[in-house]
Colleague: 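First the structure, then my questions, so here it is.
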Amino acid sequence: MKIPAVKGTRDFYPKEMAVHNFIVDGWKAASRRSGFEEFDGPIFEYLQMYQVKSGDEIVEQLFHLTDRGGRELAIRPEITPTLARMVNQQVNALPRPIKWFSVPRLCRAERPQKGRLREFFQWNIDIIGEESTLADAEVIFCAIDYLRSTGLTDKDIVSKISSRKLLAALLRNLGIAEDKLTVLYPILDKKSKIPAEAFDEMLRKEVTDTAAADTILKLMELHTVDAISGLVDLNDDARAALSELQDLFGILGAMGVGAYCRFDMSIVRGLAYYTGMVFEMHDTVGNLRAVCGGGRYDNLLRDFGGPAITAVGMGMGDCVLEILLREKGILKDDTLATKKLDYFIAVAEPTLADKAVELAAIIRLAGFCCEFPYKTGGLGKQLKQASGYNVSRTIILGQEFVNENKLVVKNMATGQQEQIAADDFVSSLKSAC
RNA sequence: GUGGUAGUAGCUCAGUUGGUUAGAGCAUCAGAUUGUGGUUCUGAGGGUCGCGGGUUCGAAUCCCGUCUUCCACCCCA
């Protein structure tokens, strides 16, 4: 009986694995460049962990199970609660600021579609315990640093940045009640995702004051921080938030990634827990869903039973990223080798087959990648095999080994070959490591 | 959860108004090639036509159901 792969999952054959590793290796390298340390947790947690800050709808999109001890568990749909739990457990012992990253495998029981599967990987970086705008800047910088390292430019991607703190202050200034804010965030977040008329209607349903709604609509169109003060009167909170944003853009400019960054009031993020800077990165063409998103959240650790410590972080999924990298021609099929050997040993004299195994083992123990053929057919066939294996050098064991203990070492790129005494070759391996 | 789309070899796809033994390219394996590789030529293997039911003398083809894919909606941590 043939059992199919589960809906919304992927199989990583060596070819796909090479692509996956290309992405993950890039993520990890960028994280380390900015001084983040890697962590990971279990792939399942108590179901309750994901009910703390989410409603029932989100819990429905969870893969959950009951174990034999009756524990209600869920496969992790995100790593942030695990991060909060882990940090809380050792919060007094960890040196600040805590700069951690992770590349967890996550599962969500959603309907699969373009750029979204039921099982995926997500790069997360977080800085915990640092209030300075420098931390906000580092998170954004690190994400841009990675994308730039793949070959994407400021023509391809843009980081849209805003501030919940600023938005909240402006909305309060317009007479929006405090409890209305959390209702309004998810609506404002849809601004660039739905037709203008539909957005207009949704907004006016919640904001009955026509003048206030008009002002909100104008605010959402703004793309420079300075334009805000021309549009509305600023109170102290708004001025403080504005100055923070200006700081942030100043730092990003000084870090050399200003061209990737743009102020965009319409970036709100649907989630309630963001309290400060929020950002999303998109392809400039705008066909795809966000490549990554994040922001500052002040209450996360506290929500999970810890102290009130501020944090800032972001997540980047592998699905949209891979689509983008393919669209931009950065990832192509057959550009990534699934196998690469330093040496392949070809056997020209069938009696030397055992010698090939011995020599291969010596080369491997010296730290090099090496294979020998299982079947010693024609030499031509073995060289063909070596070509397929992406080999740098092929060692031919033949008559000269029988007569003079010499190896033929063939450079597979140039086709040139030379004879080397077997003992010299082995000692050169040892001196190389 | 809702709507649409498609499903034929490992992959990409042909397959006539329903009609004999379902084909091609690529890939794989073997041979040409018993001391020299990526090319070329020859051959071979590989199919429950997604699965189940129905209509029919006869179904890859028509109908129903189901699973899966892709796309959009809901949602997006």
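Every value quoted in this text rests on a predicted model; they were computed, and no experiment measured them. Residue numbers begin at 1 in each chain, while the letters A, B, ... track the order of the sequences.
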Colleague: With respect to the side chain of A:Q417, which nucleotide from B:A77, B:U36, B:U40 is positioned closest?
Modeller: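 Shortest atom-to-atom distance from the side chain points to B:U36.
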Colleague: Need one value for A:G293: base, sugar-phosphate or nothing, where a base atom within 4.0 Å counts as base even if backbone is also close, heavy atoms only.
Modeller: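 Nothing, no heavy atom under 4.0 Å.
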Colleague: Looking at the side chain of A:V408, which of B:A32, B:C70, B:U36 is the nearest nucleotide?
Modeller: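 Minimum distance to the A:V408 side chain belongs to B:U36.
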Colleague: Is a side-chain donor-acceptor pair under 3.5 Å present for A:T310 with A:E130?
Modeller: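 Short answer, no.
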Colleague: Going by an N to O cut-off under 4.0 Å, is there a salt bridge joining A:R393 and A:D342?
Modeller: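 A salt bridge is absent here (no side-chain N lies under 4.0 Å from a carboxylate O).
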Colleague: Please state the C1' separation for the pair B:A24 and B:U5 - nearest whole angstrom.
Modeller: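 Roughly 26 Å separates the two C1' atoms.
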Colleague: Return the value, rounded to whole Å, for the distance between atom CD of A:Q113 and atom P of B:C74.
Modeller: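 Distance check: A:Q113 CD to B:C74 P gives 10 Å.
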Colleague: On a plain distance test, is the side chain of A:R116 in donor-acceptor contact with the base of B:C76 below 3.5 Å?
Modeller: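 Indeed there is one.
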Colleague: Look at the side chain of A:R108 against the base of B:C76 and say whether a donor-acceptor pair falls under 3.5 Å; ignore hydrogens and angles.
Modeller: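 Donor-acceptor pair under 3.5 Å: no.
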Colleague: Side chain of A:S387, heavy atoms from C-beta onward: which of B:U2, B:G37, B:U36 has the nearest atom to it?
Modeller: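 The listed nucleotide nearest to A:S387's side chain is B:G37.
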Colleague: Whole-Å distance between B:C76 P and A:L288 CG?
Modeller: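 These atoms are roughly 19 Å apart.
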Colleague: Rounded to the nearest Å, what distance is computed from the OH atom of residue A:Y13 to the C1' atom of nucleotide B:A27?
Modeller: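 Atom OH in A:Y13 sits about 14 Å away from atom C1' in B:A27.
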Colleague: On a whole-Å scale, what distance lies between the P atoms belonging to B:G18 and B:C57?
Modeller: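 To the nearest whole Å, 16 Å.
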Colleague: I need the CG-P distance between A:L383 and B:U39, as an integer number of Å.
Modeller: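 Rounded to the whole Å, the gap is 14 Å.
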Colleague: What is the distance, to the nearest angstrom, from the NZ atom on A:K381 to the C1' atom on B:U28?
Modeller: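 Atom-to-atom, A:K381 to B:U28, this comes out as 13 Å.
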Colleague: If the P atom of B:U69 is compared with that of B:U8, how far apart are they to the nearest Å?
Modeller: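 14 Å, rounded to whole Å.
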Colleague: Pick the closest RNA chain B nucleotide for A:K190 and for A:P112 by heavy atoms, then say which residue is nearer the 5' end.
Modeller: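 The residue whose closest nucleotide sits nearer the 5' end is A:P112.
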Colleague: Heavy atoms under 4.0 Å, any strand shown: does A:E400 hit a base, just sugar-phosphate, or nothing?
Modeller: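 Since a base atom lies under 4.0 Å of A:E400, the category is base.
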Colleague: Quick one: which of B:C76, B:G35, B:A72 gets closest to the side chain of A:E349?
Modeller: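 Closest nucleotide to the A:E349 side chain: B:G35.
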Colleague: Base, sugar-phosphate alone, or nothing: which one does A:G398 contact when heavy atoms must sit under 4.0 Å apart?
Modeller: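 Here A:G398 touches the bases of the nucleic acid.
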Colleague: Taking the C1' atom in each of B:G37 and B:C49, what is the distance between them to the nearest angstrom?
Modeller: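 After rounding to an integer number of Å, I get 40 Å for this pair.
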Colleague: What stems show up for RNA chain B when you take Watson-Crick pairs (N1-N3 plus N6-O4 or O6-N4) and G-U wobbles (N1-O2, O6-N3), both under 3.5 Å, and require three or more consecutive pairs?
Modeller: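 Expected stems, ordered by start: B:1-4 with B:70-73, B:10-13 with B:23-26, B:28-32 with B:40-44, B:50-54 with B:62-66.
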Colleague: Output yes when at least one side-chain N/O atom of A:R269 is less than 4.0 Å from OP1 or OP2 of B:A77, else no.
Modeller: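 Looking at the OP1 and OP2 atoms of B:A77, one of them is under 4.0 Å from a side-chain N or O of A:R269.
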Colleague: What's the verdict on ring-ring contact (aromatic ring centres under 6.0 Å, His included) for A:F12 and A:H20, showing C-alpha distance, side-chain angles and the deciding distance?
Modeller: CA-CA 8 Å; A:F12 292 91; A:H20 182 249; 5.0 Å; yes
Colleague: Could you measure between the two C1' atoms, the one in B:G52 and the one in B:C13, and give it in whole Å?
Modeller: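 One C1' to the other, the span is 26 Å.
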Colleague: Scan A:L106 against the nucleic acid and name what it touches under 4.0 Å (heavy atoms): base, sugar-phosphate only, or nothing.
Modeller: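 Nothing: the residue A:L106, judged by heavy atoms under 4.0 Å, touches no strand.
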Colleague: Is any N or O donor-acceptor pair between the side chain of A:K7 and the base of B:U68 shorter than 3.5 Å?
Modeller: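 No pair found.
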Colleague: Can you tell me which residue pairs pass the side-chain hydrogen bond (donor to acceptor under 3.5 Å, both in side chains) test with a partner in residues 360-381 of chain A, sequence neighbours excluded?
Modeller: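 Checked against side-chain hydrogen bond (donor to acceptor under 3.5 Å, both in side chains) - neighbours excluded - the pairs reaching residues 360-381 of chain A are A:K339-A:E371.
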Colleague: Should the pair A:E45-A:R85 be classified as a salt bridge under the 4.0 Å nitrogen-to-oxygen rule?
Modeller: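 So A:E45 pairs with A:R85 through a salt bridge.
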Colleague: One thing to verify: whether A:E206 and A:K180 come together as a salt bridge, which I'm taking to mean a side-chain N less than 4.0 angstrom from a carboxylate O.
Modeller: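 Salt bridge between A:K180 and A:E206, a charged N being under 4.0 Å from a carboxylate O: yes.
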Colleague: With a non-hydrogen cut-off below 4.0 angstrom, is A:P77 in contact with a base, only sugar-phosphate, or nothing?
Modeller: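 Since a base atom lies under 4.0 Å of A:P77, the category is base.
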Colleague: So, do A:F141 and A:Y260 have ring centers that fall under 6.0 Å from each other?
Modeller: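 Not close enough - the centres of the two rings lie 6.0 Å or further apart.
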Colleague: I'd like to know whether the aromatic ring centres of A:W123 and A:Y146 sit less than 6.0 Å apart in this structure.
Modeller: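 Yes, the ring centres sit under 6.0 Å apart.
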Colleague: In plain terms, say whether A:R10 and A:D318 are close enough for a salt bridge, that is, a side-chain N and a carboxylate O under 4.0 Å apart.
Modeller: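 The answer is yes: the pair qualifies as a salt bridge.
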Colleague: Within the structure shown, what part of the strands sits under 4.0 Å from A:G8 by heavy-atom distance: base, sugar-phosphate, or nothing?
Modeller: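 Counting heavy atoms under 4.0 Å across all strands, the contact made by A:G8 is with sugar-phosphate only.
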Colleague: Kindly indicate whether the side chain of A:Q61 and the base of B:G1 share any N or O donor-acceptor pair separated by less than 3.5 Å?
Modeller: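 By the distance-only test, no, there is no pair.
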Colleague: Classify the nucleic acid contact of A:Q399 as base, sugar-phosphate or nothing, counting any heavy atom under 4.0 Å across all strands shown.
Modeller: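 Here A:Q399 touches the bases of the nucleic acid.
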Colleague: Within this structure, what is the CD-to-C1' distance between A:Q382 and B:U36, rounded to whole angstrom?
Modeller: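 So the two atoms are 10 Å apart, to the nearest Å.
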Colleague: How close or far is atom C1' of B:U36 from atom CG of A:L379, stated in whole angstroms?
Modeller: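 To the nearest whole Å, that distance equals 5 Å.
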Colleague: Say we look at B:A9 and B:G23: how far apart would their P atoms be, to the nearest angstrom?
Modeller: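 Per the computed distance, 14 Å lies between those P atoms.
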Colleague: Without decimals, in angstroms, what is the distance between A:R289 CZ and B:C76 P?
Modeller: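 The answer, rounded to whole Å, is 11 Å.
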Colleague: Rounding to the closest angstrom, what is the interatomic distance between B:A77 and B:A59 at atom C1'?
Modeller: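 Between the two C1' atoms, the distance is 49 Å.
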Colleague: Is a donor from one side chain sitting under 3.5 angstrom from an acceptor on the other, for A:Q113 and A:R289?
Modeller: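 Side chains of A:Q113 and A:R289: pair found under 3.5 Å.
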Colleague: Roughly how far apart, to the nearest Å, are B:G54 and B:A14 at atom C1'?
Modeller: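 My reading of the C1' atoms in B:G54 and B:A14 gives 28 Å.
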